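Before any comments, here is the structure.
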Amino acid sequence: MFNKRILTIIKRELQTKLLSRTFIIMTLLVPLFLFGIIGMQTFFVGIEGDAGTSLKVFTEDNSINTMLEKAFNESDAVKNDKYKIDVETVSAAELDKILEFFKNDLLNNKISGIIFIPNNALTDKSVQYYSKYPNNYTILYKIRNSINTVLIDKYFEGKSFSEEEISFARKNVDYKGFRVSKEEAIEEEGFGNQVLAYLFTFLLYFSLLFTGTTAMRAAVEEKTSRIVEVLLSSINAKELMTGKILGNTITALIQMFIWLIPVMLLISTTWFVLPKELSIGINSFHIIYFLLNYCFGLLTFLGLFIMVGSIFDNEQDAQSGLFPIMLLIMVPFFMAFSLRNNPDNTLGLISSMAPFSSIIVMPARMTLTDIPLWQFGIAVAVNISVVLLIFALAGKIYRVGILSTGKKPSWKEVIKWLKFNY
Amino acid sequence: MFALEVKNLSKSFDKIKAVDDVSFNVPEGSVFGLIGRNGAGKTTTIRMMMNIYSPDSGEVTLRGVKVGQEFKDRVGYLPEERGLYKKMKVIDTLLFFAELKGISGRAVAKKAKEYLNRFDLWDRRKSKIEDLSKGNQQKIQFIATILHDPEFIILDEPFSGLDPINTNLLKEIILEKKKEGKVIIFSTHLMDFAEKMCDHIAMIDQGKIILSGSMSELKLKYAQKNVSLNYEGDISFLNNHPIVNKVSDFGNTTGIELKESSQTKELLKLLVENNVNIKRFDANEISLHEIFVKLAGGEDKMEFKKESANV
């Protein structure tokens with residue numbers, strides 16, 4: 001099946017693709033784009049709009065004022081976000097007057113809020129917050145610890161507890177996630193793998209669609225420019241299609257390999273040190289599987305896209321004919337996202353080994369959970385069978401389609417082509 | 001010994017029979033014309049000869065062996081609807097097509113240079129195809145067809161859409177290749193062209209071969225009863241005359257078919273007696289067009305444009 005003519009077609013594909021401006025730009029731009037998206041998200045979440053918040057804290061018992069001021073001054077709220085916090089003392093009876101006095105400032109946002117710490121707070125930690133937006137948790141969350149610390153210190157003052165005991169009491173419960181896997185060490189799990197799962201899913205979705213549509217467009221162009229008949233006088237349709245698919249697959253694999261270099265360097269060298277929350281729990285096996293899986297994905301979807309391109313003789317019709325194939329990429333794309341919470345649910349398990357969806361779901365799933373070897377085995381076997389099936393099917397349709405012109409064929413006619421003796 | 005034998009080819013698309021039991025032989029060293037009107041089945045026949053379509057039945061043999069990939073490597077094919085990669089450079093295009101035929105290396109690059117020089121395109125070798133004029137693109141397409149020095153050159157409607165300069169150029173190439181002993185097969189609906197270039201023909205109509213053989217024999221066979229006439233005056237008296245079978249007006253000339261070949265003298269006498277001013281009287285000439293009309297049906301069925309190929 002493989003011969004010099006196929007090699008010639010592949011060579012041309014590589015020559016025109018690898019050296020093309022599109023290839024170079026895409027190879028450079030996609031990582032920028034991905035980092036841009038991740039960076040932008042972090043940036044938007046980072047905008048809390050609370051910088052320079054001004055608060056007034058009133059205490060009923062002035063003995064904690066100094067402690068409060070000290071605690072606030074040491075807090076991130078004041079240090080990083082430039083909060084302005086004044087601490088004064090008023091009696092409970094005077095509070096209404098104070099509120100009345102500051103009402104306009106509160107409504108005009110000159111002051112973000114007033115916190116009143118009554119005496120009984122020293123025993124029940126219940127404080128009052130007056131504001132135009134009393135539900136702004138960003139502010140409350142940021143100063144909560146400072147107040148808590150002071151109240152605890154005050155509570156334990158004069159009681160015979162060691163500093164150690166008090167600091168324990170101050171502490172909140174802290175969850176740390178650990179990934180349990182077959183490997184000996186149980187590792188602390190950060191966001192790293194989730195980010196990687198997103199990255200893999202995005203890369204696959206995006207590059208399969210992009211490579212596919214480009215190849216489809218090329219097939220339509222070859223058909224409309226009639227160059228295909230010249231080609232077919234030298235090479236048969238199946239060889240031509242195989243050459244096209246392999247040429248595009250090699251190009252796309254090279255591109256993906258370049259994109260993955262940073263990830264490979266991360267897991268195999270110590271050149272970059274990621275913060276613990278971002279550490280990545282995959283190894284070179286996963287990278288190899290990812291590339292192999294991408295290769296299957298390309299062979300499968302390029303076959304389908306080129307087949308669609310051969311059926312229609314203009315791009316608009318071809319775009320509309322793409323819809324069923326787009327679904328085969330899009331539905332698994334959303335499935336992969338739903339894995340986040342529980343990568344081992346039934347949907348995840350089945351879709352990571354089912355035809356078509358395996359290509360997008362398995363890479364995401366393997367970064368989130370430990371996958372037994374047999375599941376990889378099934379996925380590979382399924383993918384190979386799909387590729388063989390697609391080649392047989394697409395080859396038949398391509399053969400008829402690439403030479404048919406004129407009226408846009410219906411799907412019924414296309415199915416008839418399968419039986420044609422061309 | 002025939003170079004190519006086409007035996008009982010049939011091909012249907014859905015329910016339409018495009019080619020119906022077609023057989024003909026292409027002798028070694030000949031210029032062979034496959035002649036018929038548009039939609040007669042020429043392109044389908046050629047595609048089956050090229051193994052682009054596989055026939056429903058029948059076969060094509062190359063010196064006794066069924067055609068396959070080996071034949072493709074030895075053929076230069078110029079399809080009716082031509083195409084090149086628009087973004088590819090001229091020289092890359094030529095080398096790519098040669099490589100598809102299994103020929104690469106310095107020899108073919110040298111040959112490409114020769115052809116490009118001959119066609120005044122050497123300085124455009126680094127240009128993209130889309131930057132060339134249409135006429136120059138056609139030249140590139142010819143070069144791509146013959147660069148690998150094929151034994152067989154198959155041209156499907158080679159003169160459609162060609163400008164006069166390229167028409168002459170292609171004619172020159174055909175004659176040159178003929179001298180080299182190559183087999184040239186072309187399809188056309190232009191009778192004049194076929195008549196001047198071919199030494200063997202097959203006529204196809206509605207998917208069936210209606211005539212095939214060597215041009216001189218065919219002419220001899222059909223010419224004797226036919227007189228080609230240029231005149232001034234009235235010849236309507238011939239319409240129901242006992243010696244005349246049919247009078248056909250071909251525009252430039254009038255064809256008169258006699259009942260017997262021995263009646264030409266009688267016809268000449270009749271014309272003189274009726275005061276017809278004779279410009280030309282040719283008793284040994286019949287045009288392919290006339291043969292075709294005779295075989296394929298009346299003038300009313302003809303879709304032929306009275307185009308005259310510039311050959």
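As the structure is a prediction and not an experimental result, all values here were calculated from the model. Chain identifiers are assigned alphabetically (A, B, ...) following the order of the sequence lines, protein sequences preceding nucleic acid strands; residue numbering begins at 1 within each chain.
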Which of P79(B), A144(B), S104(B) touches chain A most, by non-hydrogen pairs under 4.5 Å: P79(B)
More than 12 heavy atoms from other groups under 6.0 Å of CD on E70(B): no
Greater than 12 external heavy atoms within 6.0 Å of K396(A)'s NZ: no
Student check: side-chain heavy atoms of R5(A) and D73(B) closer than 4.5 Å: yes
F97(B) vs T8(A) side-chain heavy atoms within contact, under 4.5 Å: no
Heavy-atom donor-acceptor pair, E81(B) side chain to S225(A) backbone, under 3.5 Å: no
Proximity of residues 214-224 of chain A to chain B, residues having a non-hydrogen atom under 4.5 angstrom: E221(A), E222(A)
Pairs flagged by salt bridge (Lys or Arg N to Asp or Glu O under 4.0 Å) wherever residues 127-136 of chain B is involved - sequence neighbours left out: K87(B)-E130(B)
Considering only distance and modelled atom types, tabulate donor-acceptor pairs under 3.5 Å from the side chains of residues 199-208 of chain A, sequence neighbours left out.
from: T201(A); atom 1: OG1; to: A197(A); atom 2: O; distance (Å): 2.6
from: S207(A); atom 1: OG; to: L203(A); atom 2: O; distance (Å): 2.3
from: S207(A); atom 1: OG; to: Y294(A); atom 2: OH; distance (Å): 3.4

Contacts with chain B made by residues 12-28 of chain A (heavy-atom distance under 4.5 Å), listed by residue number: R12(A)
CD1 (I165(B)) with more than 12 external heavy atoms under 6.0 Å: no
Heavy-atom side-chain proximity of L231(A) to F96(B) below 4.5 angstrom: yes
Heavy-atom side-chain proximity of N236(A) to K72(B) below 4.5 angstrom: yes
Nearest-0.5 Å distance, CG of residue L403(A) to OG1 of residue T43(B): 11.0 Å
Any R47(B) side-chain heavy atom under 4.5 Å of E229(A) side chain: yes
Which atoms of N51(B) approach chain A - backbone, side chain, both or neither, heavy atom under 4.5 Å: backbone
K101(B) side chain reached by S233(A) side chain, heavy atoms, under 4.5 Å: yes
Which portion of M88(B) sits near chain A, non-hydrogen atoms under 4.5 angstrom: side chain
CZ on R226(A) to CD on E80(B), rounded to 0.5 Å: 9.0 Å
Heavy-atom side-chain contact between L84(B) and V230(A) under 4.5 Å: no
Residue part contacting chain A, namely of Y85(B), when any heavy atom lies under 4.5 Å: both
Point-to-point distance, once rounded to the nearest 0.5 Å, from CD1 of I52(B) to CD1 of I235(A): 12.0 Å
Part of Q69(B) lying under 4.5 Å from any heavy atom of chain A: side chain
Which atoms of Q141(B) approach chain A - backbone, side chain, both or neither, heavy atom under 4.5 Å: side chain
Atom pair CD1/CD1 of I227(A) and I129(B) - distance to nearest 0.5 Å: 8.5 Å
